[in-house]
Amino acid sequence: MDIIDTYKRDGFVCLPNAVDPAEVNAIRQEAQAVFRQMFRKNRIVEQSHGEQGFADALYALFNANYQDFIGAARAAQHILGMHRFVVSEQITQLLQRLGLAMPIVCVKPIIYFNSRHLAKIEGHYKTPSHQDWRSMQGSLNSVVIWVPLVDIDVNLGAIEFIPGSHLQGLAPTEKDTWYRHIPNSIAPAEAFVPVEVKAGDLVVFSAFAVHRSGNNVTQAIRWSIHVRYNDAAESTFVDRGMPHPYAVYRPEQELVTPDFPTPEQLKAAFA
Ligand SMILES: O=C(O)CCC(=O)C(=O)O
């Protein structure tokens with residue numbers, strides 16, 4: 001079956017080997033390089049080369065200096081490689097194939113580095129049952145592109161979907177510490193299907209597809225990026241005035257670092 005037909009039927013589809021694994025590895029490494037700046041500042045040493053050495057150092061940073069972990073976690077959301085990727089020609093063409101006549105980015109792309117060792121509440125490493133549309137409220141054909149940055153099997157918390165749920169409308173939700181979840185009575189555990197993926201695969205899903213994270217039971221980090229797109233040409237989106245429920249994005253009134261910078265620091269920066 002054609003991927004578009006599968007997408008229309010199930011509300012999600014995996015595109016195997018859709019991108020060069022080197023490209024997604026480079027995005028992961030760029031994010032890791034941001035965290036490494038904080039490893040240096042906090043004198044945290046990676047005890048081994050490779051992913052587990054990095055993961056253990058990140059867990060150490062999380063425990064030693066949560067503020068620095070959060071600072072780097074936020075900065076990592078702004079890496080150039082991810083932003084280049086999400087607006088690349090390849091992604092634009094894919095969105096057009098999925099029927100978005102005028103694709104626009106809905107909210108900033110997100111890079112996830114999921115592990116129970118990097119979370120103070122469960123929702124920080126494992127999303128409950130939900131539909132992205134409830135927080136997006138965009139076009140009816142809005143789409144999420146979900147990109148594994150490592151191979152992800154069920155043990156690493158493969159993303160899970162309820163096939164066909166995108167056609168059932170917007171499900172009722174209950175507020176929780178994460179955001180809002182669809183109760184078990186409407187989205188029972190046994191209805192979810194995990195999608196195991198390799199780095200280089202892409203998963204595309206409708207913003208109406210009911211999904212949730214699997215459980216990462218390993219000591220490893222589950223890296224992925226998630227981007228939501230609307231269609232600025234979709235008639236109901238236009239008729240509803242192109243709502244954007246993430247409107248609050250404004251700067252601090254106060255200086256984060258009081259009395260910074262001094263003229264001397266500026267002169268040194270430009271020397
Ligand atoms: O990556 C996951 O496991 C879930 C992601 C998710 O729920 C989302 O991006 O809305």
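Whatever order the structure lists ligands and atoms in, that order sets their numbers, starting from 1. Only a predicted model underlies this, so the values are computations on that prediction, with no experimental measurement involved. All residue numbers refer to positions in the sequence shown, counting from 1. Just the heavy atoms: all of them, side chains too, but no hydrogens, waters or symmetry mates, feed the values below.
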- Note on the structure: Within 4.0 Å of some non-hydrogen atom of T127, the atoms of ligand 1 are 4 (C), 6 (C), 7 (O)
- Item | With R228 via salt bridge (charged side-chain N to carboxylate O under 4.0 Å, His left out) - residues at least two apart | D132
- Classify the angle between the aromatic ring planes of Y66 and F62 as parallel (below 30°), tilted (30 to 60°) or perpendicular (above 60°). perpendicular
- Mind checking whether F35 and F113 have parallel, tilted or perpendicular rings, split at 30° and 60°? perpendicular
- Item | atom 9 (O) of ligand 1: nearest protein contact (heavy atom, Å) | H226 ND1, 2.9 Å
- Query: What protein heavy atom sits nearest atom 8 (C) of ligand 1, and how far off is it?
  - Reply: H211 NE2, 3.5 Å
- Message: Quick check: Y112 and ligand 1, any N/O pair under 3.5 Å apart?
- Response: no
- Output, in order, the C-alpha distance, side-chain angles, deciding distance and verdict of side-chain contact (heavy atoms from CB on, under 4.5 Å) for Y7 and S206. CA-CA 8 Å; Y7 171 74; S206 158; 3.6 Å; yes
- Taking it one step at a time, do L94 and V143 satisfy side-chain contact (heavy atoms from CB on, under 4.5 Å)? CA-CA 11 Å; L94 174 60; V143 162; over 6 Å; no
- Connected-component partners of V238 among ILVMFWY, side-chain separation under 4.5 Å: I104, F237, M242
- ligand 1 to W146 polar contact by distance, N or O atoms, under 3.5 Å: yes
- Query: Mind checking whether W146 and H211 have ring centres under 6.0 Å apart?
  - Reply: no
- Using a heavy-atom cut-off of under 4.0 Å, does the side chain or the backbone of H130 touch ligand 1, or both, or neither? side chain
- Message: So for R222, does at least one of its heavy atoms come nearer than 4.0 angstrom to any atom of ligand 1?
- Response: yes
- Are E160 and ligand 1 in contact, using a heavy-atom cut-off of under 4.0 Å? no
- Check ligand 1 against S213 and write out every atom of the ligand that is under 4.0 Å from a heavy-atom position of the residue. 2 (C), 3 (O), 4 (C)
